[in-house]
Each structure stands twice: as structure tokens, then as C-alpha cells.
Protein chains: 2
Amino acid sequence: MDTTQRTEQQRSADRRRRELLEAADRVVLRDGPQASMNAIAAEAGITKPILYRHFGDKGGLYAALAKRHTDALLDSLRAALDAPADRRERVEATLDTYLAAIEARPQVYRFLMHPAEGGQPGDPGFDVGKHSAPLLRRMGEELATVIEERLDLGPGSQQLARVWGHGIVGMMHAAGDWWLGERPCTRAELVRSLADLLWGRLAAAGDKMGGPGF
Amino acid sequence: MDTTQRTEQQRSADRRRRELLEAADRVVLRDGPQASMNAIAAEAGITKPILYRHFGDKGGLYAALAKRHTDALLDSLRAALDAPADRRERVEATLDTYLAAIEARPQVYRFLMHPAEGGQPGDPGFDVGKHSAPLLRRMGEELATVIEERLDLGPGSQQLARVWGHGIVGMMHAAGDWWLGERPCTRAELVRSLADLLWGRLAAAGDKMGGPGF
DNA sequence: CGATGCTTGTTACTAGCGGTAACCCTAGTT
DNA sequence: AACTAGGGTTACCGCTAGTAACAAGCATCG
């Protein structure tokens with residue numbers, strides 16, 4: 001049990017793992033989220049059981065793959081969120097960063113939003129809750145902490161911040177998804193519209209027709 | 001080609017179709033979205049090919065199934081949205097209606113959010129865009145039309161309304177999904193927090209620490 | 001009456017998936 | 001030389017979606 005040997009092997013295994021992940025990345029980027037384990041193994045130049053030895057099951061591989069992209073995206077978002085500017089500018093920069101990312105690599109984005117979808121036959125468990133992609137959850141929590149750290153929201157601020165975190169992330173996600181499909185306007189316009197929504201223009205707008213009854 | 005006969009057969013087919021849909025409904029409600037065609041056929045007391053004759057493929061069945069629930073939910077939402085009350089109350093009622101629905105039947109909700117996920121092997125097409133569930137899209141569009149009809153938003157109102165429609169729906173969806181998993185507060189509190197967000201409390205809140213640079 | 005279709009239903013199959021058991025082979029250790 | 005440890009492969013299991021191909025019941029036409 002020599003430690004140097006162990007680290008040697010660990011390193012080798014880690015390098016292999018990274019190679020496999022990059023191959024998987026290529027396949028997912030080409031075939032979308034339904035890339036098969038066979039295809040990934042073939043792309044990596046090896047066969048299935050090796051994949052399973054490294055990642056356990058398809059969910060494990062997908063989780064590892066998703067973590068890389070999610071971490072990268074979250075780093076960008078944190079940078080935008082931490083920029084030295086006023087709140088509105090920071091919000092717009094964060095929205096724009098996210099939208100630019102999903103615009104640049106839609107397949108990766110799609111993969112992140114529709115992960116494993118697993119559920120092997122023998123498993124009787126049926127996880128209500130945790131439907132959405134881990135990316136959404138992580139972004140929501142991240143934003144919640146930022147909000148709670150920086151904003152003075154009075155009593156119940158922690159809970160309020162978490163609701164807002166997940167809500168805002170969901171708004172960004174859904175609007176981005178729709179925008180990516182239809183492209184009804186430029187990215188800048190979308191960012192501005194969403195920021196306007198968050199800035200209370202919905203509440204401030206006047207009614208169009210007659211009295212408030214309608 | 002007697003018309004009466006034709007309607008006769010049409011009626012019979014429609015009744016069968018409804019029976020099959022109800023059986024499928026039971027199975028999906030029990031087994032979740034990964035219910036197999038075999039299981040659905042067994043529940044309906046028949047065998048697979050009949051399902052395929054009626055619905056084409058799994059996507060077809062799921063689409064038909066989703067349409068029923070989506071229509072029902074949209075009707076409830078429209079009712080809440082059309083209530084004779086002021087805007088804030090209507091928004092809160094709509095949020096609450098949606099959240100109550102997903103709370104009452106989480107499996108149906110999950111099914112609606114993670115539909116077919118189809119993609120047969122031979123099909124090289126890869127539809128970027130249209131990732132999210134049809135339910136989200138339809139709710140977004142619906143809300144957009146309501147906003148555009150009732151609010152005076154100045155120039156570019158149509159585009160703004162659509163962005164807001166999809167954004168608000170996404171906010172509701174993501175917050176609801178998270179809430180369903182963690183149950184960190186009551187439904188009423190969640191509704192209130194989200195309405196507060198839409199009412200601009202994010203923009204109105206004060207900074208917690210020092211100057212605006214941070 | 002018999003033949004023709006049409007709908008309803010079945011059995012039996014294909015092709016591909018995720019996942020695994022069993023084996024092989026090479027390297028290094030004692 | 002014997003023996004173990006990993007990396008690798010073949011061949012399989014059970015499952016899925018989807019599809020022939022065939023077997024009735026029942027109307028209509030010649």
C-alpha cells in the first residue's frame with residue numbers, strides 16, 4: 001500500500017476519466033441528450049463496461065458531465081453578479097450572461113435541462129419533487145444567497161430570498177427557452193424586458209379599458 | 001359511404017379512445033411518466049398494437065393525454081385570471097390555482113412537465129428550441145394575450161407582453177417545483193412572496209451593507 | 001348464398017437500450 | 001515460476017418501443 005503508487009494510479013484513473021468525459025461531451029454535443037452509452041463508448045474508443053466501471057450508471061455519467069458545464073456556467077454568472085455596478089446593471093449583466101451561454105451552445109443547454117430521466121425498473125421509488133434539472137436548483141440557491149446577503153428585506157428575509165432566487169431563475173429559464181425557439185427579438189431587448197418586469201413595471205402599468213372591474 | 005354509419009363508427013372509435021385515455025391516465029398517475037405502453041395496454045385490458053393504431057406512437061398517446069390535463073388546468077387558470085377583482089388579487093389567485101393543482105396531483109404535474117422526450121433512432125433532426133413542455137408554452141402564450149389585452153404598456157407592448165407571459169409562467173413553474181420538493185413554507189406564503197416579487201419589491205429593497213459599489 | 005372488404009383483436013417478432021457476468025490478458029510483485 | 005490486480009472484451013439478460021402477420025366478427029355487394 002505505497003501512497004506514491006496509489007496516487008499514481010489515482011492520477012491515471014483521473015486522466016482516463018477526463019478523457020471519457022470529453023468523449024461523452026463530444027457525443028452529447030452531436031447527438032443530444034439521448035446519446036447512448038454505446039455511442040459514447042465507441043467515441044472514446046472503448047466498450048461499455050469501462051464506462052460503467054468509471055461512472056456507475058448512465059445517471060452517474062450524466063451527472064459528472066452536467067457538473068462540469070454547470071460549474072462553468074455558474075462561474076460566469078457569479079462574475080456577472082459580482083461586477084462593480086448598480087443593481088439594475090448587475091441584473092441585466094447576469095441575464096445577458098445566461099442567455100448568451102444558452103445561445104452559444106444550445107445542445108449543451110438542452111442536455112443540462114433534460115438530464116438522466118432515469119428510473120430503472122426495479123426501483124419502486126418515485127421522487128416527487130426534484131423534477132427540474134440540477135442546474136436550475138443550483139442557480140436558484142446561488143441567487144438566493146446573493147439576494148439574502150446583499151438586500152435588506154426585513155423579517156422573513158431568508159425565505160423570501162429563496163423564493164425569489166428560484167422564481168427569478170425560472171423566469172430567466174423559461175423566457176430564454178422560449179426566446180431560443182422563436183427568436184422574436186434581440187438578446188438585448190429580451191434582457192431589458194425581463195429587467196423591466198423585475199423592476200415592477202407590471203404593477204405600475206395602467207389598465208387599458210374601463211374601470212378596475214375588468 | 002353512408003354518413004350515419006360513418007358517424008356510428010366514429011362514435012365507437014371515440015368512445016374506445018376515451019376509454020384508452022382513461023386507462024392510460026390511471027397508469028401514468030400510478031407509475032409516473034415512464035409508464036410503459038405494455039402497462040397501459042394491460043390496464044386497458046387489451047394489447048399494444050391497438051394503442052398504436054389509435055395514437056400512432058408513444059408521443060401521440062402522451063400528447064393526447066397531456067392535452068386533456070393541460071386544457072383542464074388552463075380552464076382553471078383562465079377562471080382565476082378573469083375574476084372580478086383588482087390586479088394583485090387576480091395575480092395571487094392565479095398563482096394559487098396553479099400551485100394548488102400541482103400540489104394536489106404531483107404525478108400528473110410531473111408527467112406534464114416531462115413529456116415524450118421521444119426521438120427515434122432514424123431521425124437525424126434535432127429540434128433545438130421547443131424543449132420545455134407544451135403546458136409551459138401554452139400557459140405563457142395565454143398569459144401573454146391576457147397581459148396584452150388588459151394592460152397599457154406603451155410601444156412594443158405585444159413583444160413585451162409575450163416576454164412577460166413566458167417569464168412569469170417560468171417563475172411560477174420553477175418556484176412551484178422547488179416548493180413542491182422542499183415545502184419550506186405554506187402555499188399562501190409562497191403566493192405572497194411571488195406576488196411581491198412581481199410587484200417590484202426587488203427593485204425597491206435597500207442595500208444591506210455599505211455603498212452601492214458593493 | 002358466397003365473396004369481399006373493414007374494423008378489432010391477437011401472437012410473435014425486430015432492433016435497440018441500459019446494465020452485467022464471465023472471461024482474457026498483460027504488468028508487476030514476491 | 002506462481003499469483004494477484006486492473007484494464008479490456010465478448011456475450012448475454014431483461015426491458016423497451018414499435019411492427020408484421022395472422023384470426024375472427026360483421027357489414028355490404030354480386
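Numbered from 1 within each chain, the chains take letters A, B, ... in sequence-line order.
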field: Salt-bridge criterion met for A:Arg90 and A:Asp82 (N-O under 4.0 Å)
entry: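 Salt bridge absent between A:Arg90 and A:Asp82.
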- prompt: Parallel, tilted or perpendicular: which describes the rings of B:His166 and A:Trp178, with under 30° parallel and over 60° perpendicular?
  reply: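 B:His166 and A:Trp178: parallel rings.
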In whole angstroms, how far is the [atom2] atom of [N] from the [atom1] atom of [X]?
{"X": "B:Asp57", "N": "C:dA15", "atom1": "CG", "atom2": "P", "result": "20 Å"}
{"X": "B:Asp14", "N": "C:dT7", "atom1": "CG", "atom2": "C1'", "result": "15 Å"}
{"X": "B:Met37", "N": "D:dT19", "atom1": "CE", "atom2": "C1'", "result": "12 Å"}
{"X": "B:Tyr52", "N": "C:dT14", "atom1": "OH", "atom2": "C1'", "result": "13 Å"}
{"X": "A:Lys58", "N": "D:dC15", "atom1": "NZ", "atom2": "P", "result": "19 Å"}
{"X": "A:Asn38", "N": "C:dG18", "atom1": "CG", "atom2": "C1'", "result": "9 Å"}
{"X": "A:Gln34", "N": "D:dT16", "atom1": "CD", "atom2": "C1'", "result": "15 Å"}
{"X": "A:Leu51", "N": "D:dG6", "atom1": "CG", "atom2": "P", "result": "20 Å"}

field: B:Arg17: partners by salt bridge (Lys or Arg N to Asp or Glu O under 4.0 Å), with sequence neighbours left out
entry: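 With sequence neighbours excluded, B:Arg17 shows a salt bridge (Lys or Arg N to Asp or Glu O under 4.0 Å) to no residue whatsoever.
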task: Mark yes or no: B:Arg162 above the aromatic ring of B:Trp164, with NZ or CZ under 6.0 Å from the six-membered ring centre and no more than 45 degrees from the axis.
output: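 Checked: cation-pi criterion not met.
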message: So that I know where these two stand, are B:Phe111 and B:Tyr62 an aromatic pair - ring centroids less than 6.0 Å apart?
response: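 Here the rings of B:Tyr62 and B:Phe111 have centres that are less than 6.0 Å from each other.
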Distance-only donor-acceptor pairs under 3.5 Å for side chains of residues 185-195 of chain A, two or more places apart:
{"residue": "A:Thr186", "atom": "OG1", "partner": "A:Glu189", "partner atom": "N", "Å": "3.2"}
{"residue": "A:Thr186", "atom": "OG1", "partner": "A:Glu189", "partner atom": "OE1", "Å": "3.4"}
{"residue": "A:Arg187", "atom": "NE", "partner": "A:Asp96", "partner atom": "OD1", "Å": "3.0"}
{"residue": "A:Arg187", "atom": "NH1", "partner": "A:Glu103", "partner atom": "OE1", "Å": "2.9"}
{"residue": "A:Arg187", "atom": "NH2", "partner": "A:Asp96", "partner atom": "OD2", "Å": "3.1"}
{"residue": "A:Glu189", "atom": "OE1", "partner": "A:Thr186", "partner atom": "N", "Å": "3.0"}
{"residue": "A:Ser193", "atom": "OG", "partner": "A:Glu189", "partner atom": "O", "Å": "3.0"}

field: side chain to side chain contact (heavy atoms under 4.5 Å, CB included) against A:Ile46, all qualifying residues, sequence neighbours excluded
entry: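 With sequence neighbours excluded, A:Ile46 shows a side chain to side chain contact (heavy atoms under 4.5 Å, CB included) to A:Leu20, A:Ala41, A:Ala44, A:Ile50, A:Leu51, given in chain and number order.
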message: Restricting to non-hydrogen atoms, name the atom on A:Phe55 and the atom on A:Leu61 that form the minimum distance, rounded to 0.1 Å.
response: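 In terms of heavy atoms, the two residues are closest at CB-N, 3.6 Å.
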What protein N or O atoms touch nucleotides 10-13 of chain C N or O atoms at under 3.5 angstrom, if any, and at what distances?
{"residue": "C:dT10", "atom": "OP2", "partner": "B:Thr47", "partner atom": "N", "Å": "3.0"}
{"residue": "C:dT10", "atom": "OP2", "partner": "B:Thr47", "partner atom": "OG1", "Å": "2.4"}

- prompt: So do A:Arg87 and A:Arg150 actually touch side chain to side chain, heavy atoms under 4.5 Å?
  reply: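 Contact flag for A:Arg150/A:Arg87 side chains = no.
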message: Please give me every residue in residues 16-26 of chain B whose heavy atoms get under 4.0 Å of an atom in DNA chain D, ordered by residue number.
response: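 Contacting residues: none.
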field: Backbone of A:Ile40 reached by a side-chain donor or acceptor of A:Arg26 within 3.5 Å
entry: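 Judged by distance alone, no pair lies under 3.5 Å.
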- prompt: Sub-3.5 Å donor-acceptor pair from the side chain of A:Arg201 to the main-chain atoms of B:Leu153, do we have one?
  reply: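 Yes: the side chain of A:Arg201 pairs with the backbone of B:Leu153.
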- prompt: Using the C1' atoms of the five pairs at each end, what is the angle between the end axes of the helix from C:dC1-D:dG30 to C:dT30-D:dA1, to 10°?
  reply: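 The helix from C:dC1-D:dG30 to C:dT30-D:dA1 shows an end-to-end axis angle of 30°.
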